K.L.:
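Can you keep this structure in mind? I'll have questions shortly.
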Amino acid sequence: MTSIHLALRSVSKSFRVGARSVRAVEGISVEVAEGECLAIVGESGSGKSTLANLVLGVYAPDAGSIMLDGATLPARRSLANRRMVQLVQQNPLSSLNPKRTVGASIRLSLDVHGIGKPSSRASRIGWLLEEVGLPAEFAERSPAALSGGQRQRVAIARALACESRLVVLDEPTSSLDVIVQARILRLLKDLRAARGLTYVFITHDLAVVRNVADRVMVLKEGARVEIGETARIFTCPEHAYTRGLIAASPVIAQEEQDLRDRLRQGIG
Amino acid sequence: MRRSLAIISANPMSLTGVILIALVVVSAALADFIAPFPAHRGAVVDFANFNQPPKWPNIMGTDLVGRDLFSRILYAYRISLILGVVVLALAVPVGIVAGLAAGYIGGRTQFVLMRTTDVFLSIPPLVLAMSIMGVLEPTLANGMMAVTAMWWPWYSRLVFNITLAEKEEGYVLAAELIGASRLHIMFREILPNCLPAIITKMTLDLGFVILIASSLSFLGLGVQPPTPDLGSMVAQGASYLPDSWWLTVFPGLAILVAVFGFNLLGDALRDILGADR
Amino acid sequence: MNAPTLDIRDLRLSFAGYSGTVDVLHGISLTVRREERVALVGESGSGKSVTARSVLGLMQSLQETRISGDILFEGTDLGSMKESERRRLRGTRMSMIFQDPVSSLNPVFRIGVLFREVLARSNPGISAREARERATAVLSEVSIREPDRVLDSYPFQLSGGMNQRVMIAMALVNEPALLVADEPGTALDVTVQDQTLRLMHRLVLEHRTSVLFISHNLGIVREFTDRLYVIYRGRIVEEGPTQAVFQSPGHPYTRALLAAVPRITRNGIPEFDADPALFDAPRIVHEPTGDRP
């Protein structure tokens, strides 16, 4: 029996747009088990990014609560709270400061949270880089000298530096080429196994979801459409919206085409 | 470095800028050795030799009390450069702090800082400096203060605009989620990304500061005699035009060379540092 | 007139920068026959967009580019044309659809005005009424139900999918011989993208338009093209009928690409770790945004 790592209890969030108030997330409840990978899928405006930001504490929910390891997180997160959850962003071009070296970007996590003795931090940075498949010497490099995939590896190393067990992955491979994407997905999978990480994987790409997630939650206009085991969602989705999403995904193989055709018929 | 050299040498205007500024800086720094009459920087009179047109050894002629104009221009450059550097050294940090705080913290901080900036920016610069100088004693130190007071808002506006854009970058979010302090994010994360634009602007501004300081002393509000100053030299010579043309033409050209040189250099830096904001 | 719509022969292109010359295309040859839909598939930095821009005649006039080889459009070499002639070709015989519909439509004009401008390119004397009629007709072809409302709107008042349809309608309204589609729909949601591409496909079939389809998305290429070229580091590494290439890819790069695409039917991220350098950065040294190292 694995324990619940992250729990959202009827979380809602609205934003003021001009004079109106727009519901971005509406009463979402979900539990993510220790070591699980939950994918949150939806199109633009589905609220998936808002949900990610709520988990990360970028802003607090209007209603409902967010619990980590059984304890409710406060609206204003403490340093210790921050250390418990980290983020890997979509665009590694923007998520690494172009004016700081790779090592300095990773070091920030160590310095802020006082991880390891100051004298040992350089070697710790080297280990982290090696763990994500980069040579330790990359610490001296500037992000501009790295390819997109290498930058994303650095961003992952930075997220690991805090020793968080929960990582929010916000479209981590959407801006990468397909072979690089495959490598990063493989790395994320290996890291999850090695470190026992829990992932909240935000994406619009269903094929990626099929390959990484244990469970899938489909969002539409801020509300939950359905949630279930990945294999089940893909073979017999309950909701027409989910069927439409899968049926619209570009495919390259005949078996995928067959699945899509079958789901399309279901839509009518 | 190789790329910087390539950019500079590919563009004759940039090369001109670099050469002009090198000349200005070297002549100001080595004035003691270059100037044929170093003593003429001060209160020297030589009535036997006053108001002479250019001829050896006074290659730019002499002024109304017989001092060598060339020597005085070299020392005036020194004063101008010191003034420019000091003004920017005071104005830029103030502008940076105000711009970063307003841009990153936002809210009431932004309102107060940026409205103050706007007030300063809305007063014509020379008028602002003149009114400050009118109240204070016209000394070099007060002149610097006056010019500084009108200069920082340009930097707070520049840094504010860049900060607003950089704040949306992922690296700022990453630092916030790690739990880094506001000071760290402002000065260690965002500021380095503002520096190319700041440095470019500073280079351009050195020319303008010299110009404004000259304008002030032209109006009698800046550096006081006998200290040599390009603006007051032009002002004094102006009443003797066109007969004693050298009194105004050479100091005027000296101002032109410095301002023009810093502008060209600033444009070259903009290309090198890739700062186009 | 038996010349293919587009015939590129040994196209070489390099950029001259401050730090020296960078070769981007190393001899691209490709053909788009009449009524054929051909894909140019590659990853970022492969040179596919530069090729598309050369076809549109946008690279020839740039100071820093060196181009050699021929681009024959309906038998005429683009390189031998004057800049003004190339410009006249764009939007009339040859048109384009870009990735981001919103930024490729001028936001300060209503759609109706933009349409009239496009129509005036091939028929300068067209009257306002005639233009409006043609625009209304072509908008209904792209399944826009209220053409009048759309024609009176500004681009930002319409959704992304609607803008993309307007783009398609505009690209086809002058009955071009060739449509260059550079990553169409990539900026859209997957369901909207699917609808848009289907619509575009139906229209090019009806209008018998040849298409050069630039894409990194193998799934889309598989569905909407007859033949494909795979471009890797500025070279064509494989070409053939789309179905055949998907069934038996010849080049190791094509095989790696196909293996790397995640499938919706199974969990199968391939191991590429045997050689981490292999295909990791198929970028040529230049950055498309123009920032130089």
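Model, not experiment: these values are computed from the prediction. Below, chain A is the first sequence line, B the second, and so on; all start at residue 1. Note that these values count all heavy atoms, side chains included, but never hydrogens, waters or copies made by symmetry.
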K.L.:
Highest number of heavy-atom pairs under 4.5 Å with chain B: which of A:Q90, A:H113, A:R83?
P.N.:
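Maximum pair count with chain B is reached by A:H113.
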K.L.:
Can you measure from CG (A:L93) to CD (B:E169) and round to the nearest 0.5 angstrom?
P.N.:
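The distance works out to 8.5 Å.
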K.L.:
Would you say A:S95's side chain and B:G170's backbone share a donor-acceptor pair under 3.5 angstrom?
P.N.:
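Not confirmed, A:S95 side chain does not pair with B:G170 backbone.
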K.L.:
Should the heavy atoms of other residues, nucleotides or ligands under 6.0 Å from CD of A:E163 be counted, would the total exceed 12?
P.N.:
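Result for CD/A:E163: enclosed.
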K.L.:
Output yes when a side-chain donor or acceptor of A:N97 lies under 3.5 Å from a complementary backbone atom of B:Y171, and no otherwise.
P.N.:
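Pair absent, no side-chain N/O of A:N97 close to backbone of B:Y171.
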K.L.:
To the closest 0.5 Å, what do you measure between CZ (A:R100) and CG (B:N193)?
P.N.:
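Atom-to-atom, A:R100:CZ and B:N193:CG are 10.0 Å apart.
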K.L.:
Is it the case that over 12 heavy atoms from other parts of the model lie below 6.0 angstrom from the CZ atom of B:R115?
P.N.:
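Yes, the 6.0 Å shell around CZ holds more than 12 heavy atoms from other groups.
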K.L.:
So with a 6.0 Å cut-off around CZ of A:R121, is the heavy-atom count from everything else above 12?
P.N.:
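Yes - once you tally the heavy atoms of other residues, nucleotides and ligands closer than 6.0 Å, there are more than 12.
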K.L.:
With a 4.5 angstrom heavy-atom cut-off, could you sort out which part of A:R158 is near chain B: side chain, backbone, both or neither?
P.N.:
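Contact with chain B involves the side chain of A:R158 alone.
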K.L.:
A quick test of your reading: do over 12 heavy atoms of other residues, nucleotides or ligands sit less than 6.0 Å from CZ of B:F187?
P.N.:
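Yes, the 6.0 Å shell around CZ holds more than 12 heavy atoms from other groups.
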K.L.:
Working note: B:E189 + A:L108, criterion side chain to side chain contact (heavy atoms under 4.5 Å, CB included); need CA distance, chi angles, decisive distance, verdict.
P.N.:
CA-CA 11 Å; B:E189 303 281 346; A:L108 180 64; 3.7 Å; yes
K.L.:
If you count the non-hydrogen atoms of other residues, nucleotides and ligands that lie under 6.0 Å from CZ in B:F111, is the total more than 12?
P.N.:
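Check fails, neighbour count at 12 or below.
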K.L.:
Does anything in residues 173-184 of chain B reach chain A? List residues with heavy atoms under 4.5 Å apart, or say none.
P.N.:
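Within residues 173-184 of chain B, near chain A: B:L173, B:A174, B:A175, B:E176, B:L177, B:I178, B:G179, B:A180, B:H184.
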